[in-house]
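Worksheet for the structure shown next.
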Amino acid sequence: MLTVDYGRLGLGPGDRLLDLGCGAGRHAFEALRRGARVTAFDYDEGELKDVAGMARAMADSGEVPAGGVCTPTRGDATALPFPDASFDRIIAAEVLEHIVDDEAAVAELARVLRPGGTMAVTVPAYLAERICWALSDEYHAPFVEGGHVRIYRESGLRAKLRAAGLAPRGAHHAHGIHAPYWWLRCAVGPTDDRHPLVRAYHQVLVWDISGTQPWHRLTRLADRLLSPVVGKSIVVYARKPEDPPA
């Protein structure tokens, strides 16, 4: 399940890609399939171990083109361990809403992106997230590991990207049929993933993502129609301006 449009990002074979907050690796793996040199970055050692294992399995099965490589790296998003201009492309998918000092993280992303490079930043969309916060205090409690600490409007996210020296461009919403799933989870308790309704809805999402059911075209159509209205995520693309001539 990808949130980022790789065409808009402009990712090509051999590009150096940073996947910030890679989690289970969904965006890193797709970039690897496209022949990118991927740095899968996260704070969770367990996630990174799993990403490394999957990347090896992909290489062994011939899914990775020549030149494609994945390097899992652990660290802090507000103090990236990379030199300036280290990456051609950056993905930061569903991570900034977890970081207290998100402006420091955005500044670091801008620092390590090369001039002329592009990034895609995704966060929970305002409407879908506001409903989640209204339904559950636990969903955004600061003491809950992985809890969300803020709600973004697209205008606010664009302002933070501009403040870091980036030039925001196009944007789109994604995952329209996922928003009601999270509203349901918040209504019954965000940690109760064994509730019968939650499990049933989750199975529908699994079928949609895998495309294993004949009617998955209906869920894909519903997702496309709902995404602009109640999409769970907003994706903003930005470019780092070229260095001015000497």
Could you check whether any side-chain heavy atom of [X] comes within less than 4.5 Å of a side-chain heavy atom of [Y], counting everything from C-beta outward?
X: Ile131; Y: Trp182; result: no
X: Lys232; Y: Pro124; result: yes
X: Tyr126; Y: Glu154; result: no
X: Arg114; Y: Arg89; result: yes
X: Leu205; Y: Ile177; result: yes
X: Thr78; Y: Asp102; result: no
X: Met58; Y: Leu32; result: yes
X: Asp208; Y: Arg220; result: yes

Leu17 and Asp88: CA distance, side-chain angles, deciding distance, side-chain contact (heavy atoms from CB on, under 4.5 Å) verdict: CA-CA 6 Å; Leu17 172 80; Asp88 304 301; over 6 Å; no
Rounded distance (nearest 0.5 Å) linking atom [atom1] of [X] with atom [atom2] of [Y]:
X: Leu48; Y: Cys22; atom1: CG; atom2: SG; value: 5.0 Å
X: His195; Y: Tyr201; atom1: NE2; atom2: OH; value: 15.0 Å
X: Glu103; Y: Lys160; atom1: CD; atom2: NZ; value: 5.0 Å
X: Asp192; Y: Leu197; atom1: CG; atom2: CG; value: 10.0 Å
X: Leu157; Y: Leu96; atom1: CG; atom2: CG; value: 7.0 Å
X: Tyr181; Y: Arg185; atom1: OH; atom2: CZ; value: 4.0 Å

The test is side-chain hydrogen bond (donor to acceptor under 3.5 Å, both in side chains); show your working for Ser136 and Glu138 and say whether it passes. CA-CA 5 Å; Ser136 171; Glu138 185 181 359; 5.0 Å; no
Would you call the rings of Phe87 and Phe82 parallel, tilted or perpendicular if under 30° counts as parallel and over 60° as perpendicular? perpendicular
Passing option when His148 is tested against Glu94, His140, Glu129 for side chain to side chain donor-acceptor pair (under 3.5 Å): Glu129
Evaluate His27 against Tyr6 for side-chain hydrogen bond (donor to acceptor under 3.5 Å, both in side chains), listing each step before the verdict. CA-CA 9 Å; His27 286 104; Tyr6 284 75; 4.8 Å; no
Run the numbers on Val121 and Leu161 for side-chain contact (heavy atoms from CB on, under 4.5 Å), then give the verdict. CA-CA 9 Å; Val121 178; Leu161 293 172; 4.1 Å; yes
Should Val95 and Ile99 be marked as a side-chain contact (heavy atoms from CB on, under 4.5 Å) after you check the CA-CA gap, both sets of side-chain angles, and the distance that decides it? CA-CA 7 Å; Val95 62; Ile99 300 174; 4.1 Å; yes
Side chains of Ser233 and His173: donor-acceptor distance under 3.5 Å anywhere? no
Determine, for Tyr237 and Arg169, whether the Lys NZ or Arg CZ falls below 6.0 Å from the six-membered ring centre while staying within 45 degrees of the axis. no
Heavy-atom pair of closest approach, residues [X] and [Y]:
X: Pro83; Y: Ser86; result: O-OG, 2.5 Å
X: Cys132; Y: Tyr139; result: CB-CE2, 3.6 Å
X: Ala164; Y: Ala110; result: O-CB, 3.4 Å
X: Val204; Y: Thr219; result: CG1-CG2, 4.3 Å

Electrostatic pair Lys49:Glu45 at N-O distance under 4.0 angstrom: no
Salt bridge check: are Glu30 and Arg34 linked by an N-O gap of less than 4.0 Å? yes
Identify the residue among Leu109, Thr118, Leu166 that makes a side-chain contact (heavy atoms from CB on, under 4.5 Å) with Lys240. Leu166
